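To keep things clear, I will list the structure first and then write my remarks on it.
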Amino acid sequence: MKSSGRSEASPPRSRGYLRQYELVERVLAYQPDADEEALNKAYVFTTLRHGQQLRHSGDPYYAHPVAVAGLLTELKMDQATIIAGLLHDTVEDTDATVEDIRRLFGDAVADLVDGVTKLPKLSGDGPRQKQAENFQKFILATTRDIRVLIVKLADRLHNMRTIEFMPRQESRLRIARETIDIYAPLARRVGLSIYATELEDHAFRIINPEAYEAIVLRLDELLSDDRATVARIHSDIENVMRQRGVAGELYGRMKRPYSIWRKLETKSISFKDLGDVFAYRLIVSSVDECYRALAAAHQQWAVLSERFKDYISVPKPNGYRSLHTTFLGPGNRRVELQIRTAEMNAIAERGVAAHWTYKNSRYGFDAEAARAVGIDAEAELTAFADMLTHGAEPEEFLEHAKLQMYRDSVFVFTPKGKLVKLPAGSTPLDFAYAVHSEIGDSTVGARINNVERPLRTALENGDVVEILRGPAPAAHANWEGLAVTGRARSAIRRLTRSAERGEFIAIGSRLIDHALRRIGLEPSEVSRPEMAERAGFDRFEALSEAVGRGRLSTADLLSVAFPGRDDPARQQGSVEADPAPLLVAGDGLTPGVTLHLAECCSPLPGDRIVGLLAPERGIEVHVIDCARLGEHEEASETWIDLRWKPREAAGGDVLAVGRIHVTTANRRGALAVLFKAVSDAQGNIINIKTLKRSVDFFDFEFDIEVEDSRRLTQIVAAIRALSVVDRAERIRG
Ligand code: MN
């Protein structure tokens with residue numbers, strides 16, 4: 001038994017670039033009858049044409065096409081593809097023309113270079129319509145010759161390997177997004193999983209450097225804690241195989257950062273629930289040997305049977321074949337082992353590209369062999385193109401296409417036995433909307449194979465799904481995340497939007513009532529339509545929605561709708577009539593002195609406080625660690641000792657106002673969830689200020705009426721516990 005610790009996922013990276021003779025030798029190694037002269041000519045052509053052009057890295061430009069050609073030799077692509085790799089940028093970036101190339105290198109190479117040059121630029125942003133059209137053209141172009149796609153993917157891979165040299169962060173981000181949204185899924189679609197994996201990891205590092213670093217760091221820690229165990233498992237597996245007469249080569253490999261991150265993100269599980277981050281792969285010589293190796297492992301160790309998969313007898317739709325087993329290995333450690341032949345491994349890693357070989361004494365794509373193992377990438381791309389061409393809305397196809405690329409399908413049944421095809425990972429909600437939107441809208445639960453299961457359950461092949469329906473359409477704010485299909489998600493979005501609007505209207509209406517009482521008006525005696533009109537809204541609902549969403553503050557509303565009225569919030573910079581005189585006591589306070597709670601730190605009963613004598617403003621009450629106090633440190637004579645009065649002395653239910661800063665995910669319904677949590681924790685939100693709303697986050701400040709600081713602490717804790725909340729903190733100056 002041979003052993004190797006190399007990971008197949010990180011191909012060799014050389015400094016410097018591939019020399020002309022090295023490239024030619026590499027091709028000759030697998031295609032001995034390749035046209036050496038043509039390869040040499042192409043190498044010289046690209047270096048001359050790109051001439052003095054430089055990459056952002058400072059390397060000569062031709063280092064890039066040479067590297068792309070080098071990547072293509074690792075895939076053992078035919079000579080025409082290697083030459084196309086060398087020339088792929090000459091038409092776009094130099095004065096060479098397709099006709100020059102046709103004359104010098106023939107039709108096959110010229111058509112490939114032309115194909116790569118004319119591929120539309122794909123991008124993950126810009127108008128959806130445009131994106132979708134370009135994607136459609138792209139797919140159509142690559143359908144004619146899959147090699148065009150392979151060259152394009154190698155081009156992208158090299159660009160991602162060198163992306164740190166891109167000078168502008170925006171460009172790096174844009175390219176990384178395209179890569180993760182479009183190129184990596186395309187690579188996966190044609191089975192080029194080593195490209196897909198590496199593209200994803202590079203893009204992930206650019207898009208989310210903190211998460212990437214955190215995962216890599218954690219992996220390093222785990223590995224260094226674990227080195228001895230990993231080595232022991234490795235040698236135990238080897239020994240068992242040797243004893244039972246199985247010959248093969250064992251590889252250990254670390255799971256990839258991006259795939260770990262996706263699991264952490266989509267399944268909301270923690271690092272330790274991921275199981276072992278190390279996995280093993282045994283490469284043997286034949287299908288028989290695969291099963292003998294499997295038997296050897298199963299005779300030695302206890303199998304976790306639910307994780308056993310035989311993709312040899314039932315290959316995945318993309319042609320992937322392998323045995324997967326997980327057992328309790330040495331020290332009761334969960335060990336994941338994949339067993340496959342070298343041929344299966346080549347297909348698992350390189351997919352469609354694994355099929356360039358000699359057939360009838362010609363080196364080329366062996367379509368028959370590819371189809372025999374279930375790979376028909378060209379047919380798949382054609383089906384794709386068909387789908388894109390015959391449709392009303394290109395955008396829908398883009399969404400569909402992205403989904404279809406990411407996931408294989410899952411087939412499930414209605415209780416009456418009707419087959420429903422969904423993307424894998426679909427939940428009962430996707431199923432419900434796929435059957436009928438009315439069913440989706442009124443879903444309250446699901447039974448899968450006669451057992452009631454949570455709506456987040458991922459459906460599996462063959463499941464019989466029965467939807468439990470409520471009397472009326474109702475969607476929960478968080479349900480959108482429970483669906484994967486565009487159809488279900490947009491329906492849920494529509495439904496929550498209308499439900500959510502109702503909630504904001506109710507919240508706003510409460511805030512308005514509260515504000516009216518503050519200026520001495522009884523809400524029932526105020527005409528709502530008139531008030532709305534004075535504030536510039538045609539209906540009261542629109543006004544209260546604006547207030548509820550924090551787009552209009554109650555103070556602004558009062559000042560336009562009731563301009564003559566005194567609003568204590570305006571005068572004192574606090575939203576509520578200042579309760580300071582009722583709450584705060586101090587020795588040597590002059591009776592009748594103006595006393596108010598500072599807005600910067602909003603002191604609450606229970607906080608340690610100090611008074612600051614401010615010219616013309618009386619005494620401001622601050623919390624002792626208010627940042628503003630620093631400005632007055634020198635003038636210690638203006639500081640006054642203060643304390644809170646006991647509650648009863650303050651007259652029982654006097655409330656003060658605390659201010660908190662909350663960052664939530666910018667998700668529909670987040671604010672409504674937050675309001676509910678605050679009121680459940682017995683706080684009363686009296687004002688909202690939206691600070692920032694970005695694609696991902698929503699930042700606001702809340703003023704909350706509470707009796708003391710302990711209550712506010714409880715409220716902040718309750719808010720932090722919400723899954724939509726990223727950060728919540730009390731503001732103290
Ligand atoms: Mn290029």
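Not measured: the values here are computed from a predicted model. Counting starts at 1 for both ligands and their atoms, following the listed order.
Just one residue in the list V91, T117, I83 forms a side-chain contact (heavy atoms from CB on, under 4.5 Å) with I101, and that residue is V91. Each of Y62, Y61, Y43 was evaluated against H50; a single residue qualifies, Y61, per the ring-ring contact (aromatic ring centres under 6.0 Å, His included) test.
Within D89, the N/O/S atom positioned nearest the Mn ion (ligand 1) carries the name OD2. The atom of H88 nearest to the Mn ion (ligand 1) is NE2, with the search restricted to N, O or S atoms. Shortest distance from the Mn ion (ligand 1) to D155 is reached at OD1 (N/O/S atoms only).
Within 6.0 Å of CD on E22 lie more than 12 heavy atoms contributed by other residues, nucleotides or ligands.
For the Mn ion (ligand 1), the set of nearby N, O or S atoms under 2.8 Å includes one belonging to H64.
The residues R489 and D430 are annotated as not salt-bridged, no charged nitrogen and carboxylate oxygen being separated by less than 4.0 angstrom.
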